[in-house]
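Some notes on the structure that comes next.
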Amino acid sequence: MIDTVAFSEKEAADIISTDQHPSIEPGVQDQKTYYVPGRLYTLRQVLRFGLAGGLNTLVDVLTLNGLLWLFPPTSTPILLAYNVLAYSLGAVNSFLLNKHWTFGQKQGTTRRELARFTLVTLCGIGWSTNIIWLASKVLHPLLVNPTVWANASKVVAIAGTALISYLGMRLWVFVSKRPKKQALLYRAVSAPENARGAEHLLSMPMRGETSSEREHHRPGEDENERASSHSLSVVLPAYNEEQVIASTISNVLDTLSAWRIDAEVLVVNDGSTDRTGAIVAALAETCPQVRLITHPINQGYGAALASGFAAATKELTFFMDADGQFDIRDLLRFFQFIDEYDAVIGYRLNRQDSWIRKLNAWGWKRLIGWVLGIHVRDIDCAFKLLHSDFLHQHPLETRGAMINAELLYKLKRAGYTYREVGVHHLPRQGGRATGANPRVIARAFRELFLSAQKWRREERVHAQHILVSEHHPF
């Protein structure tokens, strides 16, 4: 059983003005006006669009020629149908490249964006089809070979549709109204001197909440009320995070103290080669709530979590990455569901990762759904709250990036319920992401298929035991 609750971040950048932030770049005076890119930015955008268009054209032309070779056209309508199919396949590649690379859009794909892109693509298909039809009428009598005149018509059509495609995507599909203000918001939240302002921004009500919901009292808002009656173990896996580990632990401790929760913070130093272990050890000496668990050598993300789970002594266990990309205050929403569900799992809103990592995550999610039958919005989101008893009774076996998929699979297999809740995802402040490392990916694939085979054998044996016990109860 899976439930989902979603929320989106309020546009906090709207409250930032040039009076509050004198460091705003010159030329950005009226914060209500749209940002107009400079010539250099536009030139770079056009060049990227051209490169993306070249790859799209390659997909388009190869598809068209493959159809021409396999099924030679006997009439113009058949050629037009081939063109529509080839153009549509190129459009899929066009959307991904232009969204995340040409126009630098980092937010998730919306239905409105897809609808607008589809309309622009349909306009391009119609424009391309008309040009091919006109060109074929002119070129067909001059070029006898059908493949030659088909490709000549296609070249004319591509040149004619490039302009309408670029303008449609830039001015309508991937338009960004306030890129400068978003940068200012990030600067305000990141700068130490603006910490008080950052607290205000991050605590603002979310868009979509009604006034009555905003006025509704939530646990933990009253300084005399505990956010949860349960005790909590916080597991922070860390690998070479010396730049952010101290601030991450400090934020966790301050927040849990304000919520008046009986908590412990378990930092698993997974063979770091920098000063991560020394920093955590120093903090543990001054704060009894912090415990350091050390792996002499790097064993993998899953191994770090498994060590933290095994050492947890509180009623609930929560884990979060130590790289500063999550806000511990989002955990407050999870407490209201943990008594009703066996686990509460987060999914990242406006994921702050490169398009390559997003594409990898999309493919991994589809693969997990196909192999293990797990269908959630964000499998690998490192922001989950569970009952510690489950983790102790169902110890996790994988030791790499497969760990989150295994966790969800074992929840499902045991008949447990979980609920999905959206959480903020922040830009990385330091350290280096390792999720896209080829060795990490290869290990995840190996663990997936080996574990899937093992678990299926266990399920078959379990089913046979049940069948035997039903037929021979004594």
Side-chain angles (χ1 to χ4, degrees), residues 2-9 108 202-203 206 220 227-228 230 232-239 241 244-245 247-256 259 261 263-268 301-302 304-306 308-309 312 314 316-338 341-353 357-358 361 364-365 368 374 376-388 390-391 396 401-408 411 416-429 431 433-435:
I2 308 171
D3 283 344
T4 303
V5 57
F7 63 89
S8 60
E9 185 175 3
L202 291 173
S203 62
M206 301 297 164
S228 174
H230 299 288
L232 179 69
S233 295
V234 177
V235 176
L236 300 176
Y239 176 66
E241 301 289 0
V244 296
I245 189 65
S247 61
T248 299
I249 295 174
S250 176
N251 289 335
V252 169
L253 291 174
D254 290 346
T255 301
L256 296 180
W259 290 347
I261 292 181
E264 63 181 355
V265 179
L266 310 174
V267 183
V268 185
Y301 180 72
L305 284 181
F309 294 161
K314 305 299 183 180
L316 301 177
T317 297
F318 164 73
F319 72 90
M320 177 182 78
D321 282 349
D323 56 12
Q325 288 196 268
F326 290 100
D327 185 350
I328 183 66
R329 287 171 294 183
D330 283 334
L331 180 61
L332 185 62
R333 295 180 176 85
F334 285 41
F335 290 133
Q336 60 183 306
F337 301 117
I338 195 59
Y341 297 87
D342 298 298
V344 185
I345 63 175
Y347 62 88
R348 285 162 284 194
L349 298 168
N350 190 17
R351 182 172 177 176
Q352 299 296 306
D353 284 326
R357 295 202 69 182
K358 291 179 181 178
W364 177 252
K365 182 171 75 170
I368 292 297
I374 301 298
V376 297
R377 297 184 62 156
D378 191 350
I379 290 175
D380 292 324
C381 179
F383 203 96
K384 294 180 173 70
L385 178 66
L386 307 98
H387 291 273
S388 300
F390 168 80
L391 295 171
L396 302 180
M402 170 68 185
I403 192 76
N404 277 287
E406 180 189 359
L407 175 61
L408 295 174
L411 279 168
Y416 285 59
T417 60
Y418 50 88
R419 178 158 185 152
E420 300 183 69
V421 176
V423 297
H424 297 89
H425 195 231
L426 309 174
R428 174 177 279 272
Q429 299 296 306
T434 59

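Small disclaimer: the values here were computed from a predicted structure and weren't measured. Residue numbers start at 1 and run along the sequence shown.
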- Query: Side chains of L385 and F335: closer than 4.5 Å at any heavy-atom pair?
  - Reply: yes

- Separation between CD (E264) and CG (L232), nearest 0.5 Å, reads 8.5 Å

- Side chain of D342, backbone of L411: donor and acceptor closer than 3.5 Å? no

- Message: Quick one, V344 and Q336 - any side-chain contact, counting heavy atoms below 4.5 Å?
- Response: no

- Give, for atom CG of L386 and atom CD1 of I338, the distance between the pair rounded to the nearest 0.5 Å. 6.5 Å

- Item | Atom pair CG/CG of L391 and L407 - distance to nearest 0.5 Å | 6.5 Å

- Could you verify whether a donor N or O on one side chain and an acceptor N or O on the other, from S233 and T317, lie under 3.5 Å apart? no

- Looking only at heavy atoms, the pair that brings G308 and L266 closest together is O-CD1, 3.5 Å

- Note on the structure: Between the CH2 atom in W364 and the CG atom in N404, the distance rounded to the nearest 0.5 Å is 10.0 Å

- Can you tell which of L253, V252, D254 makes a side chain to side chain contact (heavy atoms under 4.5 Å, CB included) with L256? V252

- Message: Given 3.5 Å as the limit, does a donor-acceptor pair link the side chain of H230 with the main chain of K314, or not?
- Response: no

- Task: Quick one: do Q352 and L426 satisfy side-chain contact (heavy atoms from CB on, under 4.5 Å)? Show the steps, please.
- Result: CA-CA 6 Å; Q352 299 296 306; L426 309 174; 5.6 Å; no

- Query: So do L305 and V268 actually touch side chain to side chain, heavy atoms under 4.5 Å?
  - Reply: no

- Query: Rounded to the nearest 0.5 Å, how far apart are NE2 of H387 and CG of L316?
  - Reply: 6.0 Å

- Can you name the closest pair of heavy atoms from H424 and D330 and give their distance? N-OD2, 2.9 Å

- Query: Quick one: which of Y301, F383, F309 gives a ring pair (Phe, Tyr, Trp, His ring centres under 6.0 Å) with F319?
  - Reply: F309

- Item | Flag side-chain contact, heavy atom, 4.5 Å: L331 against T255 | no

- Which pair of heavy atoms, one from V423 and one from G346, lies closest together, and at what distance? CG1-CA, 4.4 Å

- Message: For A322 versus V244, what's the shortest heavy-atom pair and its separation?
- Response: O-CG2, 3.5 Å

- Message: Do K384 and F334 have side chains that approach each other closer than 4.5 Å (heavy atoms only, starting at C-beta)?
- Response: no

- Message: Please give me the minimum heavy-atom distance between A238 and V267, naming the atom from each residue.
- Response: CB-CG1, 4.3 Å

- Task: Indicate yes or no for a side-chain donor-acceptor contact from K365 to the backbone of I379 under 3.5 Å, with no hydrogens or angles considered.
- Result: no

- Shortest non-hydrogen separation from L236 to M320 and the atoms involved: CD2-O, 3.3 Å

- Message: R348 vs D380, test: side-chain contact (heavy atoms from CB on, under 4.5 Å). Steps then yes/no.
- Response: CA-CA 9 Å; R348 285 162 284 194; D380 292 324; 4.2 Å; yes

- When rounded to the nearest 0.5 angstrom, what is the spacing between CG in L349 and CZ in R377? 7.5 Å

